[in-house]
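As the structure is a prediction and not an experimental result, all values here were calculated from the model. Just so it is clear, the values below take in all heavy atoms, side chains as well, and ignore hydrogens, waters and symmetry mates.
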Amino acid sequence: MPGLIESAALQLRVAKRLAPRRGASLSERLGKLDDRLVFVIGSPRSGTTFLAGAIGSLPGFVDLGEVAPLKAAVPELAGLDPPGAARRLRRVLAIARRVGLVGAIRPVEQTPELVHLVGVLPLAYPDAKIVHIVRDGRDVACSLLEKPWLRPEQTRADDAGISYGSYARFWVEPDRRVEFETASDARRAAWAWRRYVTAARSAQAPVFEVRYERMTDNPHAVAEQLGNYLDAPSDALASELERAHGESVGRHRVDLDEEQLADVLAEAGDLLHELGYLT
């Protein structure tokens with residue numbers, strides 16, 4: 001967990017982003033916290049930001065974005081016993097919602113790293129809904145390769161203070177940490193996708209799965225099913241999902257060279273087969 005000063009600074013970022021939003025009533029801002037949260041989880045670059053924004057734009061919902069103090073705390077929370085992690089998670093989110101003036105309205109949280117706490121979320125919020133968005137790991141690898149997050153010799157950090165670089169994160173298998181750090185960038189990207197997706201699919205609690213490709217191909221069908229799951233207006237949700245970009249589906253056919261594709265398949269081919277992306 002970050003220290004007191006670091007936590008306060010991260011919470012101030014939450015307040016700066018959420019508090020100024022327009023149109024919120026006094027009850028929505030200061031009323032009793034609505035614990036019917038929606039957690040949108042998935043591998044980075046799978047569409048979590050888009051999908052959470054779509055849900056959060058609906059009447060009665062608000063998109064919290066990635067709550068920085070929670071994201072910073074995930075590595076430590078993942079090492080705690082589930083009840084202890086649930087208590088801390090609730091505390092961090094309660095503070096974030098209060099400083100962000102998010103009260104009597106359903107929050108949508110979209111931190112991808114919460115896939116590694118998927119068993120903790122129902123303990124923290126029994127009435128929560130969990131939505132897992134899945135995208136072809138080959139396309140995810142293309143998108144991750146455009147970012148500096150997993151590249152060697154990086155000195156930058158994200159808005160939660162988590163350093164970029166090729167070092168092994170908490171979610172890397174302990175006996176493969178050295179291998180991760182010396183792997184190619186493409187293999188590391190596929191590794192991240194595999195570990196995130198596998199973690200999300202290990203949930204014992206109900207998780208609603210959305211395929212990115214189906215969302216772009218048939219947004220109305222996805223909106224109807226997802227709206228029923230969330231008790232949300234499906235017509236309004238469909239209008240939001242129609243904005244999803246289908247042009248990026250299958251981009252690996254152009255963006256990955258033969259060596260990169262081989263590395264992706266070596267690391268994540270089994271899961272790609274299991275999910276139906278490879279036949």
Side-chain angles (χ1 to χ4, degrees), residues 4 7-41 48-74 77 83 85-114 117-118 120-133 159-160 205-208 210 222-243:
L4 182 61
S7 294
L10 293 176
Q11 292 287 11
L12 285 175
R13 289 185 184 181
V14 174
K16 184 177 180 180
R17 178 164 47 82
L18 291 174
R21 73 188 191 283
R22 297 179 180 179
S25 68
L26 190 63
S27 173
E28 287 179 357
R29 291 183 178 276
L30 302 177
K32 181 181 178 182
L33 296 179
D34 191 332
D35 281 350
R36 297 172 300 151
L37 279 79
V38 178
F39 291 100
V40 177
I41 60 174
T48 52
T49 299
F50 172 81
L51 183 56
I55 299 170
S57 69
L58 301 177
F61 294 81
V62 61
D63 180 17
L64 301 181
E66 293 186 15
V67 176
L70 178 56
K71 183 175 182 177
V74 168
L77 296 181
R87 288 191 296 271
R88 287 210 195 179
L89 188 151
R90 261 190 86 92
R91 185 161 62 246
V92 172
L93 270 182
I95 295 172
R97 292 158 71 189
R98 282 307 182 195
V99 301
L101 300 180
V102 177
I105 188 169
R106 290 182 71 182
V108 183
E109 215 289 338
Q110 53 161 286
T111 300
E113 285 73 17
L114 288 183
L117 296 174
V118 69
V120 171
L121 300 180
L123 297 179
Y125 297 98
D127 295 325
K129 300 290 187 179
I130 305 173
V131 181
H132 178 208
I133 183 164
D159 60 359
V207 174
F208 186 92
V210 173
V222 172
E224 182 176 0
Q225 295 172 341
L226 181 56
N228 288 337
Y229 175 68
L230 298 176
D231 192 23
S234 58
D235 289 344
L237 182 56
S239 296
E240 293 297 322
L241 297 187
E242 285 177 345
R243 298 186 296 108

>> Any heavy-atom pair between the side chains of L237 and I55 that's under 4.5 Å?
In response: yes

>> Once side chain to side chain donor-acceptor pair (under 3.5 Å) is applied, do any residues pair with R98, and if so which ones, sequence neighbours excluded?
In response: none

>> If you count heavy atoms of other groups shown closer than 6.0 angstrom to CD of E28, is the number above 12?
In response: yes

> Hey, does the side chain of R97 reach the backbone of D34 with a donor-acceptor pair shorter than 3.5 angstrom?
Replying inline: yes

> Could you give the distance from OG1 (T48) to CD (E113), rounded to the nearest 0.5 Å?
Replying inline: 9.0 Å

>> Show the nearest heavy-atom pair for residues L77 and A85, with the distance to one decimal.
In response: O-CB, 3.5 Å

> Between the side chain of Y229 and the main-chain N/O of I130, is any donor-acceptor distance below 3.5 Å?
Replying inline: yes

> Do you know the tightest heavy-atom contact between L241 and A54?
Replying inline: CD2-CB, 3.9 Å

> Is there a donor-acceptor pair under 3.5 Å between the side chain of R21 and the backbone N or O of L101?
Replying inline: yes

> Which atom names give the shortest non-hydrogen contact between A160 and A68, and what distance separates them?
Replying inline: CB-O, 3.6 Å

> If you take all heavy atoms of V67 and A96, which pair is closest and at what distance?
Replying inline: CG1-CB, 3.7 Å

>> To the closest 0.5 Å, what do you measure between CZ (F39) and CG (L121)?
In response: 5.0 Å

>> L70 vs L114, test: side-chain contact (heavy atoms from CB on, under 4.5 Å). Steps then yes/no.
In response: CA-CA 9 Å; L70 178 56; L114 288 183; 3.9 Å; yes

> Which residue pairs satisfy the side chain to side chain donor-acceptor pair (under 3.5 Å) criterion with at least one member in residues 100-110, sequence neighbours excluded?
Replying inline: T49-Q110, D63-Q110, E109-T111

> Would you call L230 and L58 a side-chain contact if the rule is heavy atoms closer than 4.5 Å?
Replying inline: no

> Does atom CG of D127 have more than 12 heavy-atom neighbours, drawn from other residues, nucleotides or ligands, at distances under 6.0 Å?
Replying inline: yes

>> Using a 3.5 Å distance criterion without hydrogens, assess whether the side chain of R90 forms a donor-acceptor pair with backbone atoms of A124.
In response: yes

>> Tell me whether the NZ or CZ atom of K129 lies within the 45° cone about the ring axis of F208 and under 6.0 Å from its centre.
In response: no

